[in-house]
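Have a look at the structure below, then the notes.
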Amino acid sequence: SRGDASLWFYTLTAVASVGIFIGYSFWRKPRKTLTVSSSQPVSDDMPQESAAGLYSSSASGSQDIFKAITEQSTEGISIADTDGNYVYVNPAFCTMMGYPEAELLCMTVFDVKAPEQDHSSFEKTKTSHEGAPFEVVLQRKDGSTFIAEVLGKNIHINGEHLVMGTVRDISEQVKAEERTRTLYQAVEQSPISVMIIDTEGLIKYVNSAFEISTGIPINEILGVSLLTLAPEGKSQNRYSEVWAQLLKGISWEGELLTRKKDGDSFWEYGHFSAVKDIYGKTIHYIALKEDISLRKSQEEKILKQAHFDTLTGLPNRFLSLDRLSRILNDANRNQELAALLFLDLDDFKKVNDTLGHETGDKLLVEAASRLKGTVRAGDTVGRLGGDEFIVLMGGLNAPDNAAQIAESLIELFRAAFRIDNREMLLTASIGIALYPADGATPSELLRNADSAMYHAKSQGRNTYSFFTSQMNREVSRRLAVEEQIHGAISRNEFSVHYQPIVDTISRNVIGAEALLRWHNPALGNTDPDEFIPIAEQTGLIVPMGQFVLVEALNHAARWQQQYNPDFLISINLSPRQFRDPDLVNLIRRTITESRINAGTLEFEITEGVLMTGHSYINDAIDALHRLHMTIAMDDFGTGYSSLSYLRNYPFNVLKIDRSFVSAIACSEGDQELISAAVAMAHGLKLRVVAEGVETEEQLDYLQSTGCDYCQGFLFGKPMPAEEFKATVFG
Ligand code: C2E
Ligand code: CA
Ligand code: CA
């Protein structure tokens with residue numbers, strides 16, 4: 001196993017032996033008396049100068065050569081007679097053993113052996129023809145031991161049989177070998193697949209992990225080219241790539257597919273590098289590879305989850321925007337247009353709320369597959385979340401291309417959706433933003449397409465709209481409102497105005513609707529239609545609603561005490577306010593504190609409040625009803641105008657939306673609708689208020705229908721409390 005080392009060892013000892021032979025012939029003659037018996041320790045009659053003295057006694061050229069060789073040798077050299085008595089030791093041997101030369105010359109070869117070492121090796125050497133190296137543990141003067149490799153050789157000088165030993169301390173070497181053995185075992189047992197490849201690319205060694213992971217037995221792989229590990233097909237390139245790089249002297253690291261015996265393949269993370277000798281020449285290559293197939297499959301799963309919507313399988317927001325940025329790059333390079341279509345299903349929330357999420361999900365899946373079926377091959381359909389989808393198109397020549405697609409998408413929704421044996425009609429609103437005109441980045445285009453979509457919704461839905469800079473202004477206005485509305489309460493920027501509600505026949509003011517007003521130094525006066533939805537979304541409507549309630553009740557209580565105990569005050573409650581668990585308590589507290597007559601308080605709610613179907617809304621409405629408060633359905637005619645709501649909830653009043661009232665003059669259909677609504681409300685024992693009455697003509701008609709009350713500019717605009725008091729009671 002020590003091939004190279006022993007070669008070197010023999011070369012050296014051969015040289016030494018020649019030298020010793022020459023030297024011995026000079027000093028041996030006068031030293032017949034030198035021989036001492038093996039059992040004898042150092043004694044007085046033994047000459048103390050020993051061999052060293054002998055060299056000096058005979059000054060000749062050959063002796064110098066001998067001395068030079070033996071004294072310079074790093075090998076320990078000793079010569080003993082057949083009984084084992086040392087007759088010569090060189091300085092290296094003395095150093096090795098830790099004894100002075102004189103002492104050693106009084107000792108035997110057996111004295112320097114560590115205990116438990118038998119004497120057979122010396123006896124064997126003595127009788128053998130050729131010297132053979134053996135290992136023996138020697139003990140130094142200080143008691144420490146070391147492993148020595150001894151080459152014993154019989155020599156005959158002037159007819160005398162002597163045994164020469166060349167001694168080398170191989171403790172380090174043995175330790176190194178042990179290390180190598182341990183290392184080898186570690187490599188063998190390592191869970192990492194290890195492979196040694198020669199400079200021709202042939203596999204020279206694989207460990208058992210290799211066998212286990214690939215299923216290829218060692219005997220089938222040794223001597224085979226590295227490239228055969230690549231699986232059939234395209235990933236063949238990886239192993240070729242590795243080999244090409246190694247040949248260039250560069251290490252390779254990365255993921256690669258490896259063939260298994262059964263033809264399958266699996267993912268590994270591999271590290272390939274050259275092993276070089278001390279001159280820097282590559283002697284072979286080593287490959288360490290780890291089976292990462294499990295991690296890889298988990299990664300793929302996570303990647304899929306991170307990039308695709310689980311419900312519809314469409315690219316999600318993240319992947320969609322990533323694709324968009326690629327489309328924009330291409331469009332930029334090719335000087336083409338790209339379009340982003342932002343598609344939102346109309347009234348999808350109602351589907352979810354009324355038919356349940358399961359049906360809603362089925363509808364989304366069906367909508368997604370319809371969308372996917374319509375777009376061109378290279379286009380992307382993605383789902384941003386909820387009922388929002390986007391369609392990405394590159395390589396357009398004119399904005400018209402996008403419009404055509406938008407039209408065909410809207411057309412696509414014409415056909416009814418069949419879900420659970422139920423036919424449903426679903427429309428969509430689409431906003432379009434074009435690159436480069438409407439934005440340079442994915443997020444800018446997305447934002448603008450979103451604004452355009454909202455515009456399409458405001459145009460009556462089921463349509464599409466291109467982005468315009470006007471929308472941009474709307475968006476920045478919206479952002480400004482959002483920013484300013486925070487803290488508006490503490491800055492005292494809100495106030496409440498009161499609009500008279502009159503008896504249709506007598507025109508007497510019977511009460512007022514409280515309407516919130518906001519004056520902000522930066523934005524000026526902002527319409528409730530603009531800030532109420534934002535207050536709803538941010539939740540700020542809750543403290544704002546409290547403010548209105550306290551203000552309105554305090555004023556109304558005073559007016560009741562001073563002028564009219566039956567004066568009615570009507571307050572708007574929006575959906576978000578019902579989510580406040582403290583709503584009913586707050587109302588109760590405020591009634592007590594303001595000392596208002598509870599029977600004169602009215603709350604206006606829209607159908608939107610009821611549509612969410614949450615039980616806490618029903619509970620709150622019931623509680624208000626039990627407190628003897630009037631409940632009015634606001635904006636009747638704009639939503640579903642569902643009779644079932646009117647029947648199932650304790651409404652007392654129906655407020656006909658001003659859009660019907662304003663249409664009285666021009667449309668007979670609207671006139672009939674109002675008449676029908678009034679008749680129906682009366683049938684359900686509800687009183688009716690017509691909103692937005694601006695002209696005598698409108699009033700005339702409303703009087704003819706039997707409508708109970710009216711509200712509108714004809715009788716008075718919403719006014720601050722002082723002005724209201726002066727105008728109405730003044
Ligand atoms: P709404 O409840 O339908 O309120 C009536 C709206 O019609 C008011 O608009 C009023 O100024 C307007 N109006 C009254 N008479 C006429 C008329 O003759 N012609 C026309 N064209 N309009 C008339 P305003 O004050 O801008 O309020 C808009 C909406 O904001 C309200 O609609 C209501 O839904 C909401 N809102 C206002 N104040 C509050 C509030 O304190 N709390 C809540 N939750 N919502 C409020
Ligand atoms: Ca109202
Ligand atoms: Ca209204």
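This is a predicted model, so every value here is computed, not measured.
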Between the CG atom in Leu396 and the CG atom in Asp379, the distance rounded to the nearest 0.5 Å is 7.5 Å
Ring-face cation of Lys457 near Tyr454 (centre distance under 6.0 Å, axis angle within 45°):
no
Any chance CD of Gln459 has more than 12 other-residue heavy atoms, nucleotides or ligands included, within less than 6.0 Å? yes
Between the CE atom in Met453 and the CG atom in Leu341, the distance rounded to the nearest 0.5 Å is 12.0 Å
So ring-ring contact (aromatic ring centres under 6.0 Å, His included) across residues 466-493, not counting sequence neighbours, yields none
Would you call Asp450 and Arg447 a salt bridge, taking side-chain N to carboxylate O under 4.0 Å as the test? no
Should Arg658 and Asp635 count as an ion pair when the cut-off is N to O under 4.0 Å?
no
Would you say the side chains of Glu407 and Tyr464 form a donor-acceptor pair under 3.5 Å?
yes
What's the verdict on salt bridge (Lys or Arg N to Asp or Glu O under 4.0 Å) for Arg317 and Asp309, showing C-alpha distance, side-chain angles and the deciding distance?
CA-CA 8 Å; Arg317 182 185 199 92; Asp309 170 48; over 6 Å; no
- Query: According to the interplanar angle, ranging from 0 to 90°, do the rings of Phe724 and Tyr498 count as parallel (below 30°), tilted (30 to 60°) or perpendicular (above 60°)?
  - Reply: tilted
So ring-ring contact (aromatic ring centres under 6.0 Å, His included) across residues 313-363, not counting sequence neighbours, yields His307-Phe318
ask   = Should Arg326 and Asp322 count as an ion pair when the cut-off is N to O under 4.0 Å?
value = yes
For Ser458, the side-chain contact (heavy atoms from CB on, under 4.5 Å) test, sequence neighbours excluded, returns His455
- Hey, what's the ring geometry for Phe531 with Trp518, parallel, tilted or perpendicular (30° and 60° as the breaks)? perpendicular
- Decide yes or no on salt bridge (Lys or Arg N to Asp or Glu O under 4.0 Å) for Arg418 and Glu423, but give the supporting numbers first. CA-CA 5 Å; Arg418 268 200 86 77; Glu423 295 241 320; 2.9 Å; yes
Closest heavy-atom pair, Ala512 versus Ile501, reported as atoms and distance to 0.1 Å, is C-CD1, 3.9 Å
Practice prompt. For the pair Asn520 (side chain) and Ala522 (backbone), establish whether a donor and an acceptor sit closer than 3.5 Å, ignoring hydrogens and angles.
Written response: yes
Carboxylate-amine/guanidinium contact Glu255 Lys296, below 4.0 Å: yes
_Is it true that Tyr435 and Glu336 share a donor-acceptor pair across their side chains at a distance under 3.5 Å?_
no
Only one of Glu607, Glu602, Glu513 passes salt bridge (charged side-chain N to carboxylate O under 4.0 Å, His left out) with Lys655, and that residue is Glu513
Rounding to 0.5 Å, atoms CD (Gln577) and CG (Asp582) come to a distance of 12.5 Å
Q. For atom NZ of Lys349, is the number of surrounding heavy atoms from other residues, nucleotides or ligands below 6.0 Å larger than 12?
A. no
* Asked: Glu299 and Arg295: salt bridge (Lys or Arg N to Asp or Glu O under 4.0 Å), yes or no, with the steps?
  -> CA-CA 6 Å; Glu299 258 176 28; Arg295 191 190 82 199; 3.3 Å; yes
Given the rule in the salt bridge (Lys or Arg N to Asp or Glu O under 4.0 Å) test, do Arg414 and Glu411 qualify, once you have shown the distances and angles that lead to the verdict? CA-CA 5 Å; Arg414 288 264 144 82; Glu411 182 61 38; 2.9 Å; yes
Review point. Judged by atom type as modelled, is there a donor-acceptor pair below 3.5 Å linking the side chain of Gln698 to the main-chain atoms of Glu694?
Key: yes
With no hydrogens and no angle check, is any side-chain donor or acceptor of Gln245 less than 3.5 Å from a backbone partner on Ser251?
-> yes
- Cation-pi between Arg370 and Phe417: NZ/CZ under 6.0 Å from ring centre and within 45° of the ring axis? yes
| Looking at Glu530 and Arg477, does any basic side-chain N land under 4.0 Å from a carboxylate oxygen? | yes
So does Lys350 pair up with Asp353, basic N to acidic O under 4.0 Å? no
* **Intermediate values then yes/no, side-chain hydrogen bond (donor to acceptor under 3.5 Å, both in side chains), Thr427 and Asp346** => CA-CA 5 Å; Thr427 58; Asp346 296 328; 2.7 Å; yes
